[in-house]
Amino acid sequence: MKTAITELFGIQHPIIQGGMHFVGFAELASAVSNAGGLGIITGLTQKTPELLAKEIARCRDMTDKPFGVNLTFLPTFAAPPYPEYIRAIVEGGVKIVETAGRSPEAYMPALKAAGIKVIHKCTSVRHSLKAERIGCDAVSVDGFECGGHPGEDDIPNMILLPRAAEELKIPFVASGGMADARSLVAALALGASGMNMGTRFIATREAPVHDNVKQALVKASELDTRLIMRALRNTERVLDNANVDRLLEIEREKGTSLKIEDIHDQVAGIYPKVMIEGDMDAGAWSCGMVVGLIHDIPSAKELIDRIMADADRIIRTRLMGFLDGSVGSQLRAAAS
């Protein structure tokens with residue numbers, strides 16, 4: 001399948017593995033890239049730029065296909081040295097960067113000077129247009145269904161994607177609620193040129209996380225995520241657990257006077273405890289509503305191959321069947 005996204009990034013399939021904290025290591029990024037998608041190393045999971053440089057080199061040893069690095073610009077308890085991280089990316093020969101959170105505008109000159117293609121994750125049309133104006137090559141349009149930070153507009157992808165298609169000139173992918181061939185075909189129909197999957201890629205064999213995490217995703221339903229930090233206008237969708245329940249209690253108690261310090265224990269330093277140690281009640285960790293569509297733990301290649309084969313079948317058989325009347329004939333025959 002060729003789309004504007006496969007052409008832009010030089011990949012076989014229009015499927016991107018988004019950056020995920022303590023998930024986007026070389027093992028997963030290389031597996032996704034080797035399967036024909038675009039794997040992404042999560043830059044800030046590496047505690048120093050030097051460690052990121054080593055992770056990039058490790059990934060390059062595992063794949064000769066394109067892969068990218070995620071840089072997330074969000075309010076944090078300690079400001080990362082972004083210029084040094086960018087230098088590690090440039091020196092590592094990486095040509096694709098996924099940015100997220102705050103605008104990457106201040107860092108665009110350095111990225112573009114190095115010939116890097118930038119895809120920025122946005123939760124609204126207005127932010128997508130800003131990304132286009134500052135020179136981003138593509139946008140990942142993130143609907144309200146997504147894990148992590150869905151923004152503050154609460155617009156789901158059935159509305160957000162066609163709105164983006166109406167306004168944007170650069171290509172975009174659908175992010176949030178993406179899990180399978182149905183997601184991909186729907187995203188293409190709504191104007192996207194591919195899809196970005198986060199939560200779904202955690203439940204793959206190559207994802208270097210504790211098995212407790214993968215089993216929790218398979219077990220959970222679409223009803224098992226919660227929105228936290230709404231009062232701080234830093235909304236995050238997370239998987240429900242005991243410490244998330246405690247966090248929500250604190251939010252109810254504090255109301256509009258809530259400060260990030262009030263929930264520090266539930267949100268700071270959580271990812272190593274969950275992803276490495278397998279402590280599923282450690283605190284808040286990002287998870288999308290798409291968890292309700294996760295029923296197995298395939299390899300990255302098995303997942304991507306399945307998506308592309310099923311997408312081909314949906315487009316050629318089911319959708320074309322509506323045009324030539326064969327689907328209606330099949331339904332009438334089944335009813336008789």
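Count residues from 1 along the sequence. Keep in mind it's a predicted model, so treat the numbers as computed, not measured.
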Quick one: are Val218 and Ile297 in side-chain contact, heavy atoms under 4.5 Å?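 SC-SC contact between Val218 and Ile297 confirmed.
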
Is the shortest side-chain heavy-atom distance between Leu111 and Ile86 below 4.5 Å?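 Leu111 vs Ile86: side chains touch.
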
Can you tell me how far the NZ atom of Lys273 sits from the CE atom of Met280, to the nearest 0.5 Å?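 The NZ atom of Lys273 sits 14.0 Å away from the CE atom of Met280.
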
Taking only distance into account, with no hydrogens and no angle test, what donor-acceptor pairs under 3.5 Å do side-chain atoms of residues 159-172 form with protein atoms, sequence neighbours excluded?
| unit_1 | atom_1 | unit_2 | atom_2 | d |
| --- | --- | --- | --- | --- |
| Arg163 | NH1 | Glu166 | OE1 | 2.8 |
| Arg163 | NH1 | Glu167 | OE2 | 3.1 |
| Arg163 | NH2 | Glu167 | OE2 | 3.3 |

Taking transitive links into account, so neighbours of neighbours count too, which hydrophobic residues share a cluster with Ile5 at under 4.5 Å side-chain distance?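 Members besides Ile5, by chain and number: Leu8, Phe9, Ile11, Ile16, Leu38, Ile40, Ile96, Ile119, Val173.
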
Show which residues join Phe144 in its hydrophobic cluster (side-chain heavy-atom contacts under 4.5 Å, direct or indirect), or state none.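 Listed partners: Leu227.
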
Any chance NZ of Lys95 has more than 12 other-residue heavy atoms, nucleotides or ligands included, within less than 6.0 Å?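 Correct, the count exceeds 12.
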
Hey, is CZ on Arg60 packed in by over 12 heavy atoms from elsewhere, all under 6.0 Å?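 More than 12 within 6.0 Å, yes.
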
Can you name the residues that form a side-chain hydrogen bond (donor to acceptor under 3.5 Å, both in side chains) with Lys112, not counting sequence neighbours?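 Counting only residues at least two positions away or on another chain, Lys112 forms a side-chain hydrogen bond (donor to acceptor under 3.5 Å, both in side chains) with Asp137.
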
Who passes side-chain hydrogen bond (donor to acceptor under 3.5 Å, both in side chains) against Asp153, sequence neighbours left out?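 Once residues adjacent in sequence are excluded, the partners of Asp153 under the side-chain hydrogen bond (donor to acceptor under 3.5 Å, both in side chains) criterion are Arg126.
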
Which donor-acceptor pairs under 3.5 Å do the side chains of residues 302-310 make with protein atoms, sequence neighbours left out?
| unit_1 | atom_1 | unit_2 | atom_2 | d |
| --- | --- | --- | --- | --- |
| Glu302 | OE1 | Arg205 | NH1 | 3.2 |
| Glu302 | OE1 | Arg205 | NH2 | 3.3 |
| Glu302 | OE1 | Ser299 | N | 3.0 |
| Glu302 | OE2 | Arg205 | NH2 | 3.2 |
| Asp305 | OD2 | Lys301 | NZ | 2.9 |
| Arg306 | NH1 | Asp296 | OD2 | 2.8 |
| Arg306 | NH2 | Asp296 | OD1 | 3.4 |
| Arg306 | NH2 | Asp296 | OD2 | 3.4 |
| Asp310 | OD1 | Arg313 | NH2 | 2.2 |

Salt bridge or not between Arg237 and Glu145? Use side-chain N to carboxylate O under 4.0 Å.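 No.
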
Using 30° and 60° as the class limits, which term best fits the ring planes of Tyr82 and Phe73: parallel, tilted or perpendicular?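 Taking Phe73 first and then Tyr82, their aromatic rings sit tilted (interplane angle of 30° to 60°).
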
